[in-house]
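All remarks here apply to the structure that follows.
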Amino acid sequence: PAYGMIKTETQGRVAVITLNRPKALNALCSELFHEINDALARFDGDDAIGAVVLTGSERAFAAGADIKEMKDTQFIDNYKANFLGHWTAQISQMRKPIIAAVNGYALGGGCELAMMCDIIYAGEKAVFGQPEITLGVIPGAGGTQRLTHAVGKSKAMEMILTGTVNLTAAEALSSGLVSAVFPPDKLVDEAIKTAAKIAAKGAVSVQMAKEAINQAFELSLSSGLHFERRLFQSGFATKDQKEGMAAFAEKRKPNFTNE
Ligand code: HXC
């Protein structure tokens, strides 16, 4: 499909989605979200793709929801349309892993979009923040929840209540929000490298692992361990388990077939 606000490409089993609305610093308007969701759904359903990288430009990953688009909307319309809920459903239901490669601003909905991904890599000049309070609202796409899980209560409160305390890439790394920092021009390649590593594993075990990790945010420890053990056991019904363990015993590389 022809997109106007994103670019998509594939490199082997990795799909790359690049937000491409430079004049508005990739502000997330409804059309942009529609295109992201369309591309994600397509890649999630494509057996030739094993992982996705989501990125923006060097100046901005995304500077938030589109303030000009939403400024005159009314409660009743947003409530009826489930504003932000329907935009974010696709990405949070993705079965394949998504790596966010964040250069520049990840503010408001941009920070939240990155946090909906499974791994975040940052460029050295990345800025993470939740400025919604300065607009008279609060984060609406997971900022109060996912940021708190990632960086803890005090830092999340400080960022969200002031709206102006942001995290640099180095701070995001030390607080656990991101897992690695790279020079801006190397960032996307590094994300693709990691995505390729993941996409070369058995797709079923990758999906199971993602599912189990995400349950850590939903379940008690004993229920989470139970969920994990049942998935682990069911892995023995896959060809990839037989192949992976046979390859180890035979001292060769496994050839996973995603079955
Ligand atoms: C609409 C935006 C925008 C946004 C930037 N632009 N952010 N348009 N919505 N969120 C537009 C500007 O209006 C401007 O357009 C152009 O992009 C360049 O931005 P400048 O401000 O001129 O650039 P700069 O001075 O470098 O400042 C960069 C910035 C600033 C610090 C990132 O743009 C900024 O503060 N943006 C808003 C950040 C924010 O509050 N985000 C939270 C949104 S609320 P023109 O036409 O003037 O050139 C939100 C709710 C959660 O996200 C929803 C979850 C999905």
Side-chain angles (χ1 to χ4, degrees), residues 4-6 17-41 54-94 98 100-118 120 122-151 155-169 171-172 177 184 187:
M5 295 194 174
I6 62 171
I17 301 175
T18 305
L19 309 187
N20 185 30
R21 198 188 171 205
K23 283 189 184 144
L25 303 184
N26 293 330
L28 302 160
C29 60
S30 105
E31 193 182 335
L32 178 51
F33 247 108
H34 182 77
E35 292 189 359
I36 296 170
N37 285 336
D38 187 84
L40 287 174
L54 181 65
T55 192
S57 68
E58 284 207 10
R59 190 161 167 225
F61 177 73
D66 190 321
I67 299 166
K68 294 165 196 167
E69 185 182 72
M70 70 183 153
K71 74 183 188 31
D72 296 320
T73 62
Q74 301 300 327
F75 162 78
I76 195 65
D77 306 311
N78 292 337
Y79 184 82
K80 281 179 168 169
N82 194 20
F83 180 47
L84 296 183
H86 67 293
W87 284 3
T88 55
Q90 180 66 42
I91 184 161
S92 35
Q93 282 164 23
M94 277 286 282
I98 316 178
V102 176
N103 263 324
Y105 295 114
L107 298 178
C111 185
E112 292 170 310
L113 179 62
M115 292 191 293
M116 286 174 221
C117 298
D118 301 305
I120 308 177
E124 280 158 357
K125 295 198 177 119
V127 177
F128 297 87
Q130 299 286 163
E132 289 89 342
I133 208 94
T134 66
L135 301 167
V137 291
I138 70 167
T144 65
Q145 304 301 301
R146 291 194 180 95
L147 186 67
T148 308
H149 280 295
V151 305
K155 186 48 86 178
M157 285 281 188
E158 187 188 20
M159 291 172 68
I160 291 171
L161 298 184
T162 66
T164 48
V165 173
N166 296 332
L167 295 181
T168 63
E171 289 165 341
L177 179 64
L187 172 69

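Just so you know, ligand 1 is whichever comes first in the structure, and atom 1 is the first atom listed for that ligand. Worth saying up front: this structure is predicted, and the values here are computed from it rather than measured.
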So which heavy atom in the protein is nearest [atom], and how far is it from that ligand atom?
| atom | answer |
| --- | --- |
| atom 19 (O) of ligand 1 | Leu25 CD1, 3.6 Å |
| atom 54 (C) of ligand 1 | Glu112 OE1, 3.2 Å |
| atom 9 (N) of ligand 1 | Ile67 N, 2.9 Å |
| atom 34 (C) of ligand 1 | Leu107 CD1, 4.7 Å |

> Heavy atom under 4.0 Å from ligand 1: found in Ala27's side chain, backbone, both, or neither?
Replying inline: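 It is the side chain that gets close, since no backbone atom is under 4.0 Å.
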
> Where's the contact between Val137 and ligand 1, heavy-atom distance under 4.0 Å: side chain, backbone, both or neither?
Replying inline: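 No part of Val137 comes within reach of ligand 1.
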
For ligand 1, which atoms sit closer than 4.0 Å to a heavy atom of [X]?
| X | result |
| --- | --- |
| Lys23 | 16 (C), 17 (O) |
| Ala63 | 7 (N), 10 (N), 37 (C), 38 (C), 39 (C), 41 (N), 42 (C) |
| Leu135 | 40 (O), 43 (C), 44 (S) |
| Gly109 | 49 (C), 51 (C), 52 (O), 54 (C), 55 (C) |

> Counting heavy atoms only, which of Ala60, Ala65, Cys111 comes nearest to atom 43 (C) of ligand 1?
Replying inline: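 Among Ala60, Ala65, Cys111, the closest heavy atom to atom 43 (C) of ligand 1 belongs to Ala65.
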
> Nearest to atom 13 (O) of ligand 1 by heavy atom, Lys68, Met116, Glu132, Lys71: which?
Replying inline: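 Selected option, by shortest heavy-atom distance: Lys68.
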
So, does [X] sit close enough to ligand 1 that a heavy atom of it is under 4.0 Å from the ligand?
| X | value |
| --- | --- |
| Arg59 | yes |
| Glu69 | no |
| Pro131 | yes |

>> Once side chain to side chain donor-acceptor pair (under 3.5 Å) is applied, do any residues pair with Asp38, and if so which ones, sequence neighbours excluded?
In response: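 Checked Asp38 against side chain to side chain donor-acceptor pair (under 3.5 Å); matches are Tyr3.
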
> Should we say atom CD of Glu124 is surrounded by more than 12 heavy atoms from elsewhere, each under 6.0 Å from it?
Replying inline: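 More than 12 within 6.0 Å, yes.
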
Report all side-chain donor-acceptor pairs from residues 100-107 shorter than 3.5 Å, counting only partners two or more places apart or in another chain.
| from | atom 1 | to | atom 2 | distance (Å) |
| --- | --- | --- | --- | --- |
| Asn103 | ND2 | Pro184 | O | 3.2 |

